[in-house]
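Predicted model only: the values in this text are computed from it and were never measured.
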Amino acid sequence: MKVVASYIVSPQETHIDDVENKEIELRNCSTNSLEVIEPSWRDYIPMNQLRRMGKAVRIGTGAGLKLIKKHPKFENSDAIILTTSNGGLEDCIKFLKQIVFFGEGALTPTNFVQSTPNAIAGNIAMATSNQAYNMTHVNGSFSFADGLRDAGFFINDQPEAKILLGSVEEISDYNYRINELRGDYKTEKINSLDLISSNTKGTICGEGAAFFGLSNNEDGIEIIDAATLLSAEPNQIKKFINGFLSENKIEPKEIDTLMLGYNGDVSNREMYDYAKDALIPESNVFTFKELFGEHPSVISMGFWYATMLQKGMSPYREPLRDANKKIDTVLIFNQYNRNENSLVLIKK
Amino acid sequence: MTKEELKIQLKEQIISYLNLMDVTPEDFADDTEFFGSELGLDSIDSLELVVLLEREYSIKIENPAEGRKVLVDINHMADYILEKGKV
Amino acid sequence: MNSIVVSGIGVITAIGNTIAENIHALENGKTGIINRAAKNQNDKTIQFPLGKIDLTNEELIAQCEGYDPTGTTRTDALSKVAFQDAIRDAGLTASELKSPRTAFISASTVGGMSRTMELYEDATTNDIPSEFINSYSASVHLHKIVNYYNMTGPTSVINTACSSSANAIMLGAKMLEQDKVDIAIVGGVDCISRFTIRGFDALGILTKNRCKPFDINREGLNLGEAASYLVLRKSTQSRSQNKYGSIVGWANTNDSFHSSALNEDGSGIMNCINKAIQIAKISTDDIGFINAHGTGTVNNDLAELTAVSKLFKPGTPIYSSKSYTGHTLGAAGAIECVFSLIGLNKGQVYPSLNVEKPLKVKSLQVNQVLLESKDVKYALSNSFGFNGNCTSLIIAKKE
């Protein structure tokens, strides 16, 4: 199964046309909150849907429909698969606010309808009259890998299938606050582009929507496998990474490039260091959270960045380690919450 | 408040409750039908309008038939509010 | 034919904490939907009859082996109780649970947001986090179980609204069929929360009376709560693994019509059922009964009965078990798959409750009596969610 089309909106100017051939000026924010740069969705989302949408639903629906407009063969995709941890949490809390303020009186239903994560894949289906397979995974930061696997099962059954796979997360005041209460974010403000070298605890927050057109039948970046493991135990994680590689019959030295989820949290480096220094010490190493921030669906943006590098896009920043190798076989390794481990292996 | 003032206030409230982007009170006439016109409202919007009447005018619409009679256009809504003596 | 066998079940609903209690209630037409408003005049949050499981959070958590009560939501506890029962019933060993060839696919729509007020306070005013700060995400119930049993295989949590756990069953079945895993534990959970009660109320689709699916004068749905997991294996493994029957067909489609309503011409639903029938390689005439989505709303029941009347032979019995349990959202697909298996193996079609004047489309109308029929081989179970998400499962009796 190959990635044959992609479109992402992120905290960087990745929404522009012909993004792989253009230079963009990188955003360096100092608020610890990398917010998405949104294009106008008016030409893509029907007005009567757009007016009701919260941010997650809007950027998700918009990015999906924009990919379809740029690559019309995905208009009648055989599957629409959406992955997110929280979906439209802002609408959800807005609805709770109505409950608090208006008690048991009449409440308006729009926030409730929009807060359900399957609104995104549903809106895309509705806007394109698509009656095909329609799925939404909400397994925390595992969701994207789950979606890749789901797409794989689908294409095994229908080798000719065209699949639209998306991944969405939003920052709202509400989920920022919850993560802040959990101690996820740095207490001091940093420049986002300096994130990876930060020596304090915590990370910074991000948001965005990434969509991919997948199929067997064209040239593109091949998705070899994806896997997840819930564990904070270093030995188990090492076993997981090694097992993943041997399952896919690939030697560590065959990985020319690592895309690692370093998030600037000084207490969350051990496993990335293991991959970089012990397991695959002679590879190129790239990072992506200084560009996109940390959130449960950000692995989809690391995945997008890796596919762009494989296609020859100039890296946005100097790699963390330049092994002077061509970028063909990439292992993406991401952790969230210190115990949610995801791996994706892709090949040019 | 005169009936004309009430109508303008109602339009502003509808635009705000339904988040009708790009629409100003001047853009729709008193007899522009809510449903099936260029306003393009649907069943979820009718629920929002019921809440608007309850929150802004303390009018409770208890059954769908009554709702269908009132939620037609600005004229019908304004008449209903005046009839209920809620201005 | 695909044959994915069911070798263990755990189910907890308003009509029973065990599979035996659920069977007993179905056979006796006993509903679990209770109108607590009458009893609790002072509690204004209880305006609607609910299919509530008659155990407190503390009582449920006490049944969860190895769970710390701090931060454990009702969703977490219900799912753990049903999971424990399912793996015990299937006789799964600790090493089978740990195996990378054992998948766990769950489903939930409300997840830890069942702690509605704590979520609101943590998201807005709290300076010190509540004990539930790490509990809100839809995936928490699954991650707690995975942690406790040291599971290492593939996982997922599905949220396609009210079809969620039917999709979890479908995904697990596909993984087995493609030989990605040897065991798939599949199902879902949802508990009653202020968030869902007020949401469905805002949409105007809750009734203050007991729901009467497929009645001409139906007024809406009752919410319920439940959890259920099924242990699935491939039929090529030992015959003794087939304890309850098999999942032989499945389809997931989108109605592509409206965010909170189905197309009443039935076309989207027919598309879904047809695909599932095709995968099962049977004909619609082979279907012995239909466990309907049957929520009791004006729109759902008309759309669903219209669709099945166009596809199935006259007299095909259809009933809604939501008249027993209420609508259990993310758990509905799983418990209705379980009820279908029970009916197939007992040779029984259960009556839909509370119907006075049955809605009739062509010659099809809802089943109102306990039918005994030993030659029924296949059942269809429908699940439809907001945003057009339709799933149909074809279930075969134990051979």
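- If you tally non-hydrogen atom pairs under 4.5 Å between each of C:S259, C:S163, C:S106 and chain A, the highest count goes to C:S259.
- Residue C:S156 touches chain A through both its backbone and its side chain, counting heavy-atom pairs closer than 4.5 Å.
- In this structure, the portion of C:T125 lying under 4.5 Å from any heavy atom of chain A is its backbone and not its side chain.
- Both the backbone and the side chain of C:N167 come within contact range of chain A, each with at least one heavy atom under 4.5 Å from a heavy atom of that chain.
- Defined by atom type and a distance below 3.5 Å, a donor-acceptor pair is missing between the side-chain atoms of A:N216 and A:E160.
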### Query
A:E340 and A:S141: side-chain hydrogen bond (donor to acceptor under 3.5 Å, both in side chains), yes or no, with the steps?
CA-CA 7 Å; A:E340 296 176 20; A:S141 73; 2.6 Å; yes
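- For the set C:V110, C:N126, C:D255, the count of heavy-atom pairs under 4.5 angstrom toward chain A peaks at C:N126.
- Each of A:N86, A:L82, A:N130 has some count of heavy-atom pairs under 4.5 Å with chain C, and the biggest count is that of A:N130.
- With chain A as the partner, the residue from C:T152, C:V146, C:N389, C:L119 showing the most heavy-atom pairs under 4.5 Å is C:N389.
- Between the side chains of A:D225 and A:N248, at least one donor N or O lies within less than 3.5 Å of an accepting N or O.
- Counting heavy-atom pairs closer than 4.5 Å to chain C, the top-ranked of the candidates A:E180, A:R149, A:Q49 is A:R149.
- Ring geometry, A:F142 versus C:H143: the interplanar angle falls from 30° to 60°, so the pair is classed tilted.
- When heavy atoms are compared at a cutoff of 4.5 Å, A:L229 approaches chain C solely by way of its side chain, counted from C-beta outward.
- Checking A:S231 against A:Q236 by side-chain atom types alone, a donor-acceptor pair falls below 3.5 Å.
- In terms of non-hydrogen atom pairs under 4.5 Å with chain C, the most contact-rich of A:V113, A:T128, A:T110, A:N339 is A:V113.
- With a 4.5 angstrom heavy-atom cutoff, A:N118 touches chain C via backbone and side-chain atoms both.
- Checked by atom type, the side-chain pair A:Q98/A:T108 shows a donor-acceptor distance below 3.5 Å.
- Proximity to chain A is limited to the backbone of C:F257, based on heavy atoms less than 4.5 angstrom apart.
- Interface check for chain C: of the options A:A119, A:S85, A:P117, A:G140, the most heavy-atom pairs under 4.5 Å are formed by A:A119.
- Neither the backbone nor the side chain of A:N175 comes within contact range of chain C, judged by heavy atoms closer than 4.5 Å.
- Contacts of C:I158 with chain A are made by both backbone and side-chain atoms, with heavy-atom separations under 4.5 Å.
- Residue contact with chain A, scored on non-hydrogen atoms closer than 4.5 Å, involves the backbone and the side chain of C:D122 alike.
- In summary, the side chains of A:N139 and C:T155 do present a donor paired with an acceptor at a separation below 3.5 Å, with no hydrogens or angles considered.
- In summary, the side chains of A:E169 and A:S297 do present a donor paired with an acceptor at a separation below 3.5 Å, with no hydrogens or angles considered.
- The greatest number of non-hydrogen atom pairs below 4.5 Å with chain C, out of A:N179, A:D157, A:L89, A:D173, is found for A:D157.
- The candidate from C:A202, C:G268, C:G204 with the greatest count of non-hydrogen atom pairs under 4.5 Å with chain A is C:A202.
- Using a 4.5 Å cut-off between heavy atoms, A:F240 does not touch chain C at all.
- In this structure, chain C has heavy atoms under 4.5 Å from both the backbone and the side chain of A:Y133.
- With ring centers used as reference points, A:F112 lies under 6.0 Å from C:F195.
- In terms of non-hydrogen atom pairs under 4.5 Å with chain A, the most contact-rich of C:N159, C:L203, C:T253 is C:N159.
- Geometrically, A:K97 does not engage C:Y120 in a cation-pi contact, judged by NZ or CZ lying under 6.0 Å from the ring centre and within 45° of the ring axis.
- The candidate from A:A79, A:C92, A:G122 with the greatest count of non-hydrogen atom pairs under 4.5 Å with chain C is A:C92.
- Between C:F200 and C:F386, the gap from one ring centroid to the other is short of 6.0 Å.
- At a cut-off of 3.5 Å, with distance as the only test, no side-chain donor of A:N123 or A:R52 sits close to an acceptor on the other residue.
- Using a 4.5 Å cut-off between heavy atoms, A:A132 touches chain C through its backbone atoms (N, CA, C, O) alone.
- Looking at A:T83, neither its backbone nor its side chain comes within 4.5 Å of chain C, counting heavy atoms on both sides.
- Looking at A:D146 and A:S143, their side chains never bring a donor and an acceptor atom within 3.5 Å of each other.
- With no hydrogens or angles considered, a side-chain donor-acceptor pair links C:N382 and C:S392 at under 3.5 Å.
- Only the side chain of C:L171 comes within less than 4.5 Å of a heavy atom in chain A; its backbone stays farther off.
- Residue A:Y174 holds its OH atom at 9.5 Å from CG of A:D91, rounded to the nearest 0.5 Å.
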